[in-house]
Structures are given as structure tokens and as C-alpha cells.
Visitor: 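Mind having a look at this structure? Questions to follow.
Note that the numbering runs from 1 along the sequence shown for the chain. Values below: all heavy atoms of this structure, side chains included; hydrogens, waters and symmetry mates excluded.
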Amino acid sequence: ITPFDGAQGPPSGNRGARLGVLGGTFDPIHFGHLDAAAAARSAARLDEVLFMPSHDPPHRPQGPHASAFHRFAMTALAVNECAGYRVSDLELARTGRSYTSDTLRRLHADGWPPLQIFFILGSDAFAEIATWHEFPAVLDAANFLVISRPGTTTDDALARTPDLRARTRLTIEDRKS
């Protein structure tokens, strides 16, 4: 398994490539993560989903139980047979907190424009987005794909961040009704 080399940017000859980024501690990775990636890939027609284990997640009260090496290895094993899925050690290689804004800035520096990056997160995380490092500027660094999670619907999350409602588009749940 080859770690993600962000320096390559979008595939040559395909400047319209769409990159999904699914961050998390992956302690451990589970079917919910894989299902979220599949739903996002299908809904947004993503060419690839990059799984990004975080080094030191700022919104988690205690650090991961498994080592960075083991979390990367578990994630790599989970996506090994999944075409279009890769694992990145970008955040694991950095020291300090794992901020989405720093990760997205690095992807931009590596050639990925904001319009081609789709950051995948659960509705529970999105409900707290106003507390994120560099909010609201981080919202301009990528498209954000919000996946409903048990206990927090996308409407619940938007109710906690009403100023963002004008920036949202149709959700998968909206399309089903």
C-alpha cells in the first residue's frame, strides 16, 4: 500500500478530478466510515476518496487509544481492496493538533483547488463547525459534504449553525423525498 503523495495534485490530464477527504481518528475504522465514503463518492461523483487519519484531533477530549502506526495500518487494510480509496499519512506526519484548515492548505499547495476538494464529515461534527480552527474561513477551502449520523440529522446540525443555511445545497435526504 502506497501512502498518498499529495504533491501529485489532480491526475495529469484531468484537472476536473474530484477528491473526497474523509478525516478522523479511525480508532478503529469501521463500516460507518466506509459507508460514509461510499455515499459521498456516489452523491458527489468523486473520483477518489482519501482517508486521512488525524494525529491529534482537537475536538476529542482524549487522544486515540491505538498508535498512529496502527490506525494508519488498520485504515490501509480496510480500504485495500476498494478501488478509488487511498490512505494519507499527511496529518500523522505532522506534529501538534490536526486542523482541517492546515490539511486543506497543504492540498491546495499540492495542486488541488478548493472547488475540487470535498471534505466529508458527519452531521455531528458539522453541528460543531463554528468551533473549528479558522472558522468560517475553512469553509472556503473545500466543499463540505455532510453525512447524517444517528442522533444528529443535517437539519439538526444546520439549526446549530443557522448562518450557514444559505450556503447549503440539496442533501441526499432531500432528494429522496
Visitor: Determine whether a donor-acceptor pair (N or O, by modelled atom type, separation under 3.5 Å) exists between the side chain of Arg41 and the backbone of Asp47.
Guide: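 Indeed, once roles are kept as given, a pair shorter than 3.5 Å links the two residues.
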Visitor: Quick check: closest heavy atoms across Ala127 and Thr152, and the distance to 0.1 Å?
Guide: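 Here Ala127 and Thr152 meet closest at CB-CG2, 4.3 Å.
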Visitor: Can you tell me how far CG of Leu19 sits from CG of Asn143, rounded to the nearest 0.5 angstrom?
Guide: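 One finds 11.0 Å between CG of Asn143 and CG of Leu19.
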Visitor: Could you tell me whether His70 atom NE2 has more than 12 heavy atoms of other residues or ligands within 6.0 Å of it?
Guide: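 No, not enclosed.
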Visitor: Looking only at the side chains, is there a donor atom on one of Thr25 and Arg60 sitting less than 3.5 Å from an acceptor on the other?
Guide: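 Arg60 and Thr25 do have a side-chain donor-acceptor pair below 3.5 Å.
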Visitor: So, Arg149 and Asp124, do they make that salt bridge, N to O below 4.0 Å?
Guide: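 Judged by the 4.0 Å cut-off on N to carboxylate O distance, Arg149 and Asp124 do form a salt bridge.
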Visitor: Please round to the nearest 0.5 Å and tell me the distance separating atom CG of Leu90 and atom CE of Met52.
Guide: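 If I round to the nearest 0.5 Å, the distance is 5.0 Å.
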Visitor: Can you tell me if Thr168 uses its side chain to pair, donor with acceptor, with the backbone of Arg165 under 3.5 Å?
Guide: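 Judged by distance alone, yes, a pair lies under 3.5 Å.
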Visitor: Are the side chain of Ser88 and the backbone of Phe51 linked by a donor-acceptor contact shorter than 3.5 Å?
Guide: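 Checked: no pair found.
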Visitor: Going by atom types only, do His59 and Thr131 share a side-chain donor-acceptor pair under 3.5 Å?
Guide: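 Present: a donor and an acceptor within the cut-off.
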Visitor: Take Ile129 and Phe135 through the test side chain to side chain contact (heavy atoms under 4.5 Å, CB included) and record every step on the way to the result.
Guide: CA-CA 7 Å; Ile129 201 158; Phe135 176 85; 4.0 Å; yes
Visitor: So among Leu46, Thr103, Leu107, Leu50, which one has a side chain to side chain contact (heavy atoms under 4.5 Å, CB included) with Ile117?
Guide: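 It is Leu107, the one option of Leu46, Thr103, Leu107, Leu50 that forms the side chain to side chain contact (heavy atoms under 4.5 Å, CB included) with Ile117.
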Visitor: Should the pair Arg18-Glu48 be classified as a salt bridge under the 4.0 Å nitrogen-to-oxygen rule?
Guide: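 No, no charged N to carboxylate O under 4.0 Å.
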Visitor: Does Thr161 reach the main-chain N or O of Ala157 with its side chain, forming a donor-acceptor pair under 3.5 Å?
Guide: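 Such a contact is found between Thr161 side chain and Ala157 backbone.
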Visitor: Output the distance between atom OG (Ser101) and atom CH2 (Trp132), rounded to the nearest 0.5 Å.
Guide: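 The OG atom of Ser101 sits 9.5 Å away from the CH2 atom of Trp132.
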Visitor: Report the C-alpha distance between His30 and Met74 in whole Å, list the side-chain angles of each, state the deciding distance to 0.1 Å, and finish with yes or no for side chain to side chain contact (heavy atoms under 4.5 Å, CB included).
Guide: CA-CA 10 Å; His30 51 74; Met74 285 187 286; over 6 Å; no
Visitor: Under the ring-ring contact (aromatic ring centres under 6.0 Å, His included) definition, can you give me all pairs with a residue in residues 149-168, not counting sequence neighbours?
Guide: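 Residue pairs with at least one partner in residues 149-168: there are none.
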Visitor: If hydrophobic clusters are built by linking Ile, Leu, Val, Met, Phe, Trp and Tyr wherever their side-chain heavy atoms come under 4.5 Å apart, do Leu115 and Leu104 end up in the same one?
Guide: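 No.
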Visitor: Which pair of heavy atoms, one from Ile147 and one from Ala36, lies closest together, and at what distance?
Guide: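 Looking at all heavy atoms of both residues, the closest pair is CD1-O, 4.0 Å.
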Visitor: Side chains of Leu34 and Val79: does their closest heavy-atom pair fall under 4.5 Å?
Guide: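 In short, these two side chains touch, coming nearer than 4.5 Å.
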Visitor: Between Ala78 and Cys82, what is the shortest heavy-atom contact and its length?
Guide: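 Minimum heavy-atom separation between Ala78 and Cys82: O-SG, 3.9 Å.
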Visitor: Locate the shortest heavy-atom distance separating Phe144 from Leu139; write the atom from each residue and the value.
Guide: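 Answer, listing the atom of Phe144 first, then Leu139: CE1-CA, 3.7 Å.
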Visitor: Has Arg71 got a side-chain atom pairing as donor or acceptor with Ser54's backbone, closer than 3.5 angstrom?
Guide: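 Checked: pair present.
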Visitor: Side-chain contact, heavy-atom cut-off 4.5 Å: Val49 with Val21?
Guide: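 The answer is no; the side chains never approach within 4.5 Å.
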Visitor: Transitively linked via ILVMFWY side-chain contacts under 4.5 Å: Phe69 with Leu92?
Guide: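 The answer is no; the residues belong to distinct hydrophobic clusters.
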Visitor: Do the side chain of Tyr99 and the main chain of Pro57 share a donor and acceptor less than 3.5 angstrom apart?
Guide: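 Answer holds: no.
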Visitor: Please list, chain by chain and in numerical order, all residues satisfying side chain to side chain donor-acceptor pair (under 3.5 Å) with Asp156, sequence neighbours excluded.
Guide: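 Scan of Asp156 (side chain to side chain donor-acceptor pair (under 3.5 Å), adjacent residues dropped) gives Thr153.
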Visitor: Could you tell me whether Arg167 and Asp140 have a side-chain N and a carboxylate O separated by less than 4.0 Å?
Guide: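 Between Asp140 and Arg167 there is a salt bridge, with a charged N closer than 4.0 Å to a carboxylate O.
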Visitor: Looking at every non-hydrogen atom in both residues, tell me the closest pair between Leu145 and Ala40 and how far apart they are.
Guide: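 Looks like CD1-CB, 3.8 Å.
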Visitor: Could you measure the distance from the CZ atom of Phe119 to the OG1 atom of Thr100? Nearest 0.5 Å is fine.
Guide: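 With rounding to 0.5 Å, CZ (Phe119) is 3.5 Å from OG1 (Thr100).
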Visitor: Given Arg106 and Glu91, is the salt bridge (Lys or Arg N to Asp or Glu O under 4.0 Å) satisfied, shown in steps?
Guide: CA-CA 10 Å; Arg106 169 64 191 275; Glu91 289 188 0; over 6 Å; no
Visitor: Taking the side chain as C-beta and beyond, is there a heavy-atom pair between Val87 and Phe72 under 4.5 Å?
Guide: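 Counting from C-beta outward, Val87 and Phe72 do come under 4.5 Å.
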Visitor: Give a yes or no answer on whether the side chain of His108 reaches the backbone of Ala141 with a donor-acceptor pair at less than 3.5 Å.
Guide: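 Pair found, side chain donor or acceptor close to backbone of Ala141.
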Visitor: Can we say Asp56 and Arg97 salt-bridge, meaning some charged N sits less than 4.0 Å from an Asp/Glu carboxylate O?
Guide: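 Between Arg97 and Asp56 there is a salt bridge, with a charged N closer than 4.0 Å to a carboxylate O.
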